[in-house]
Amino acid sequence: MSEHPFEYVAPDTLEEALALLRAHGAEAKVLAGGQSLVPLLNYRLARPRLVVDITGLPLAHVRAEDGWLRVGGLARHHELEEFTAIARACPLLPEVARLIGNIRVRSLGTVGGSLAHADPAAELPLAMVALDARLTLASASGRRTVAARDFFTGYLSTVLGADELLTEIAVPVTRGMGWAVEEFARRAGDFAVVAVAAGVSLDRRGRVDDARVAFAGVADRPVRATAAEDALRGQEPSADRLARVAEIARDGLDPQSDAFVSGAYRRLLAGVLARRALGRAVALSAAPSSEGAAVRAAALPPQSSWGFAPSRERFPRPRRGPSRPPPMMINGRAREVDVRPGETLLEMLRDTLGIFDVKEGCGEGVCGACTVLLDGRPVSSCLVLAAAVRGRAIRTVRGLERDGALHPLQEAFVRHGAVQCGFCTPGMLLTALAFLERHPRASRDEVRGALAGNLCRCTGYAKILDAVQAYTRGHDGDG
């Protein structure tokens, strides 16, 4: 990949980061999760003079207080899926998070980064508009709060100033409200062609007390269908009523055509998905006792004997001082490596260190060929700046070996013919292993979902799933 030169800095405090943004303005870009920024850097669609890495700042909090769920701007997508407090306070967020990109994107992507990027087909902006969230923006001059529906101003544009950071998102707690998301995408992990979020609460008479309907992918920003919401409030949520409300929501849209679908198709799809989402939201609102099944345990399962369970601690960030930066921790070994500011982790591993079991594929984080484990979680090494991972634990597929023996999951791949051409195999192995560390008794469908973001060019997914299931049976003592 061609590289556009820029300076890289990782400030230690929020105040320092804000001072840098004030000094450099539009010539600076903020690196949070990097899942949107690094592809732009790779393709030279963004050419900043300075990249400000804020991943080490204390902005990853999640807490419920005073009727609000407060989520730091650096909270990761996977935390929306996994944290019990989030699922209890706002069940819409875990459901939305599971639709974001793929498992690698969710490992690094941040809530604040997704909102600041403002893709009109993205799931998190849709959710925040539906939830009437409030966003805190910080600059060196002070703080201000903006309603989510006023934050997005157009395609990939927001009210966020060049000298501001999105530091916190406050979401009203919505216990007792049924939420549902329906999305249609061209393939798993893609941005939605159309997505709908619907929320419904019922009063004691079984009538609609409150209703929310919001769309993504139908305009240059997320939109609320306020006319449809008004038509549903105070009404009995019969099938006919929900169908009529979905029609009202659809008729208020005027989506544009693009290279993939026509505006007319997108509008029709919006009505169909709105009806489905409203139906599910009503059913969930009428059965709040199912909360326990919807909550996913925050605690990680016990670490396996191979010791690759993910760490949840925050790792030190590189400093700008005169001391030598910490080494790269690769497959359990400290490596002293000099990296350029714009060099990706993939480039460093392959070109500098000659670790060729990390494959180079799409360069966009879509195919999964370049997957490595970062602190135990799968990430796309093509979307990670090497300078941003000093001192953190990086593991490639060669790091699975122990005393000259293959890992049991590797053996299962060999026995069941899942290796095939081998190009996707490292990413499949690492993604599956990281997932099974958290879900050791995962079903075939759950494994399929976890591997949906890893492309098999031989189209031999059945054998891969067979191998993973054989491995899980072996750990359960059944195989």
Side-chain angles (χ1 to χ4, degrees), residues 36 68-71 73 75 77 80 86 89-100 109-137 144-160 166 168-174 177-184 191-201 210-233 245-246 248-250 252-256 266-267 269-271 273-274 277-278 280-281:
S36 299
W68 293 85
L69 178 69
R70 301 189 181 277
V71 180
H77 298 326
L80 299 185
I86 294 177
C90 185
L92 174 63
L93 292 180
E95 183 169 358
V96 162
R98 287 189 284 271
L99 296 172
I100 297 173
T110 63
V111 177
S114 178
L115 298 179
H117 186 60
D119 194 298
E123 294 86 359
L124 272 180
L126 161 72
M128 297 308 171
V129 169
L131 289 164
D132 284 330
R134 296 164 60 182
L135 282 55
T136 299
L137 313 183
R144 62 180 176 131
T145 301
V146 178
R149 66 170 66 193
D150 299 325
F151 179 73
F152 306 99
T153 59
Y155 185 76
L156 301 181
S157 61
T158 71
V159 300
L160 191 68
L166 172 52
E168 184 179 80
I169 302 93
V171 178
V173 171
T174 58
M177 194 169 195
W179 286 96
V181 181
E182 293 288 339
E183 173 179 290
F184 179 82
F191 284 110
V193 174
V194 174
V196 183
V200 175
S201 63
D210 192 12
R212 314 279 180 86
V213 181
F215 291 94
V218 297
D220 63 355
R221 69 198 79 179
V223 296
R224 282 277 289 274
T226 54
E229 295 171 355
D230 293 340
L232 188 54
R233 292 190 183 99
V245 168
I248 294 172
R250 178 200 65 198
L253 303 175
D254 186 23
Q256 299 296 308
R266 186 172 266 116
R267 189 165 175 264
L269 184 60
L273 296 181
L278 284 166
R280 281 210 300 125

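Note that the structure is predicted; figures quoted are calculated from it, not measured. Computed over heavy atoms, backbone and side chain alike; hydrogens, waters and symmetry mates excluded.
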Atom of Arg266, atom of Val194 and distance for their closest heavy-atom approach: CG-CG2, 3.2 Å
Atom of Ala122, atom of Ala216 and distance for their closest heavy-atom approach: O-CB, 3.8 Å
Distance (rounded to the nearest 0.5 Å) between Leu124 CG and Thr110 OG1: 9.5 Å
Approximate separation, where rounding is to 0.5 Å, of Glu168 CD and Leu137 CG: 11.5 Å
Any Val129 side-chain heavy atom under 4.5 Å of Phe151 side chain: no
4.5 Å side-chain heavy-atom contact, Val159 and Arg144: yes
Donor-acceptor pair, side chain of Glu182 and main chain of Val196, under 3.5 angstrom: no
Non-hydrogen side-chain atoms of Asp220 and Gln256 separated by less than 4.5 Å: no
Residue pair Leu232, Leu278: steps toward the side-chain contact (heavy atoms from CB on, under 4.5 Å) verdict: CA-CA 10 Å; Leu232 188 54; Leu278 284 166; 4.0 Å; yes
Any side-chain heavy-atom pair of Glu123 and His77 under 4.5 Å: no
Derivation of the side-chain contact (heavy atoms from CB on, under 4.5 Å) call for Leu156 and Asp119: CA-CA 5 Å; Leu156 301 181; Asp119 194 298; 4.2 Å; yes
Minimum side-chain heavy-atom gap Thr158-Val146 below 4.5 Å: no
Closest approach of Arg134 to Trp68 (non-hydrogen atoms, all atoms of both residues): CD-CH2, 3.2 Å
Value rounded to 0.5 Å, distance of CD1 in Ile100 from CZ in Phe191: 9.5 Å
From Met128 atom CE to Leu126 atom CG, the distance as rounded to the nearest 0.5 Å: 10.0 Å
Test item: Leu131 and Trp179 side chains (from C-beta on) under 4.5 Å apart, heavy atoms: yes
Shortest non-hydrogen contact between Leu93 and Ala127, atoms and distance: CD2-CB, 4.3 Å
Heavy-atom side-chain contact between Asp210 and Arg233 under 4.5 Å: yes
Heavy-atom closest contact (Ala270 atom, Val218 atom, distance): CB-CG1, 4.4 Å
Test item: Arg212 side-chain N/O and Gly199 main-chain N/O as donor-acceptor pair under 3.5 Å: no
side-chain contact (heavy atoms from CB on, under 4.5 Å) assessment of Val96 paired with Leu80: CA-CA 9 Å; Val96 162; Leu80 299 185; over 6 Å; no
Check: Asp132 and Arg149 side chains under 4.5 Å, non-hydrogen atoms: yes
Thr174 versus Cys90, closest heavy-atom pair with distance: OG1-CA, 3.8 Å
Nearest-0.5 Å distance, OG1 of residue Thr136 to CZ of residue Arg70: 7.5 Å
Inter-residue atom distance Leu269.CG - Glu183.CD, 0.5 Å rounding: 10.5 Å
